[in-house]
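Reviewing the structure listed below.
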There are 2 protein chains.
Amino acid sequence: MFNHMVEHHLDRVFHALSDPTRRTILDRLAEGEATVGQISRPFPISFAAVSKHLGVLERAGLVTREARGRERVCRLNPAALGDARAWLGFHQRFWSERLDALDAMVGQKSGKPD
Amino acid sequence: MFNHMVEHHLDRVFHALSDPTRRTILDRLAEGEATVGQISRPFPISFAAVSKHLGVLERAGLVTREARGRERVCRLNPAALGDARAWLGFHQRFWSERLDALDAMVGQKSGKPD
DNA sequence: GAAAAATTTAACCAAACGGTTGAAAATCGA
DNA sequence: TCGATTTTCAACCGTTTGGTTAAATTTTTC
């Protein structure tokens, strides 16, 4: 059902998401577009390393880089998360009987059972 | 907000999810518990390789292995998916304005524009 | 046009990955 | 107990990963 060509794309998306630096980059990008320099500044690693992380995110389709002068503006591309969401959603359906307990753990915002 | 101790666990979950063999294992386990041998049979790789994949899934908390005689019964543990779902959900909120277009792409169940 | 700035690319390195084979460990059945 | 079965563990191998530094590229600014 999900085993078409999406597969290898899903590989890249989940792999991109598996690194904490890259997730932090996405967190930052969620607040608005930023240049590579702006993104890399708070990280304790080299500029080039961040540029490579951006490459991974871009190849996964999660981020776009647009040249603007000598800078490169990075933006989120949430469409790529769709595959991951769809995969997770697909499994949610299968695992549903145990997802009751799961939702109680994750979304414990109130006593709301549903 | 999500940068506590969950981080390194999220690393493991997303990493576990990033391999197509491991996702197929989860697919199979979604249909019911199975022994390592049963799981490994359809795969073209060695038994030991599948056992290692199971180890990755287990360390990510996605799967449990319970000894039963000389066999080991594997089951899904959907609670671990909760962190991934929560992370994705967190970002969905931020990316919401673009998620309209996303949902139109992913879940095109009808012509419903909103 | 030359210097400076922003970014990528290249070369390199250690560690991790995904795979192999073969040995070890535990359990079952005769 | 002995042999077969199920699984893990250990050692190994080639590739990828995440990092480095240094050079190359592009654009801005003087």
Side-chain angles (χ1 to χ4, degrees), chain A residues 3 7-29 32-77, chain B residues 3 7-29 32-77:
Chain A
N3 315 354
E7 277 294 338
H8 78 298
H9 179 233
L10 218 37
D11 292 0
R12 287 197 284 254
V13 171
F14 280 131
H15 171 247
L17 256 24
S18 75
D19 182 273
T21 299
R22 288 192 290 264
R23 286 197 307 275
T24 303
I25 290 174
L26 293 178
D27 285 342
R28 181 185 179 94
L29 248 25
E33 63 178 40
T35 68
V36 180
Q38 291 171 332
I39 292 168
S40 86
R41 203 156 306 124
F43 288 102
I45 61 180
S46 73
F47 198 95
V50 172
S51 179
K52 284 211 268 183
H53 278 303
L54 256 343
V56 172
L57 290 167
E58 193 177 38
R59 249 166 279 128
L62 290 163
V63 158
T64 61
R65 274 184 290 190
E66 184 199 347
R68 188 169 63 190
R70 67 185 150 183
E71 302 183 321
R72 215 151 284 206
V73 180
C74 306
R75 294 191 196 82
L76 289 181
N77 174 29
Chain B
N3 316 353
E7 279 293 339
H8 78 298
H9 180 233
L10 218 37
D11 293 0
R12 289 197 282 253
V13 171
F14 280 131
H15 172 247
L17 256 25
S18 75
D19 183 273
T21 299
R22 286 192 291 263
R23 286 198 307 275
T24 303
I25 290 175
L26 292 179
D27 285 343
R28 182 186 180 92
L29 249 22
E33 62 179 40
T35 69
V36 180
Q38 291 171 333
I39 293 168
S40 87
R41 203 155 305 124
F43 288 102
I45 61 180
S46 72
F47 196 96
V50 173
S51 178
K52 284 212 268 186
H53 278 303
L54 256 345
V56 172
L57 290 167
E58 192 177 39
R59 249 166 279 127
L62 290 163
V63 158
T64 61
R65 273 184 291 190
E66 184 198 347
R68 188 169 62 191
R70 66 186 150 183
E71 303 184 320
R72 214 149 287 204
V73 180
C74 306
R75 292 192 197 82
L76 290 180
N77 175 29

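Below, chain A is the first sequence line, B the second, and so on; all start at residue 1.
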Mind checking what makes side chain to side chain contact (heavy atoms under 4.5 Å, CB included) contact with B:Phe43, not counting sequence neighbours? B:Thr21, B:Thr24, B:Ile25, B:Ile39, B:Ile45, B:Val50
Of all residues at least two apart in sequence or in a different chain, which pass the side chain to side chain donor-acceptor pair (under 3.5 Å) check with B:Arg72?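 Here no residue qualifies.
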All stems that DNA chain D takes part in, i.e. 3 or more consecutive Watson-Crick or G-U pairs with distances under 3.5 Å, are C:1-30 with D:1-30
Expressed in angstrom and rounded to an integer, what is the separation of B:Ile45 atom CD1 from C:dT21 atom P?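 Rounded to the whole Å, the gap is 12 Å.
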If you walk 5' to 3' along DNA chain D, what is the first nucleotide with an atom under 4.0 Å of a heavy atom in chain A, and what is the last? D:dT17 to D:dT28
At 4.0 Å (heavy atoms only), tell me whether A:Arg22 reaches a base, stays on the sugar-phosphate, or touches nothing. sugar-phosphate
Measure the CG-CZ distance between B:Leu17 and B:Arg12 for me, rounded to the nearest 0.5 Å.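 B:Leu17 atom CG to B:Arg12 atom CZ measures 14.0 Å (nearest 0.5 Å).
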Nearest 0.5 Å, what's the CG-OG1 distance between B:Leu54 and B:Thr35?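 Separation between the atoms: 9.5 Å.
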Report, as a single string ordered 5' to 3', how protein heavy atoms within less than 4.0 Å touch nucleotides 6-12 of chain C: B base, S sugar-phosphate only, - not at all. SBBB-B-
I'd like a table of donor-acceptor pairs (distance under 3.5 Å, sequence neighbours excluded) in which one partner is a side-chain atom from residues 58-65 of chain A, with atom names and distances.
unit_1	atom_1	unit_2	atom_2	d
A:Glu58	OE1	A:Arg65	NE	3.2
A:Glu58	OE1	A:Arg65	NH2	2.8
A:Glu58	OE2	A:Arg65	N	3.3

Could you tell me whether the side chain of A:Asp19 reaches within less than 4.5 Å of the side chain of B:Phe14, counting heavy atoms only?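 No; the side chains remain at least 4.5 Å from each other.
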Taking the side chain as every heavy atom from C-beta outward, state whether B:Gln38 and B:Arg28 have any pair of such atoms under 4.5 Å apart. yes
B:Glu33: partners by salt bridge (charged side-chain N to carboxylate O under 4.0 Å, His left out), with sequence neighbours left out: B:Arg68, B:Arg75
Could you list all the side chain to side chain donor-acceptor pair (under 3.5 Å) pairs where at least one residue sits in residues 45-56 of chain B, not counting sequence neighbours? B:Arg22-B:His53
Nearest heavy-atom pair of A:Ser40 and A:Phe47: which atoms, and what distance?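 Smallest interatomic distance, heavy atoms only, reads OG-CD1, 3.3 Å.
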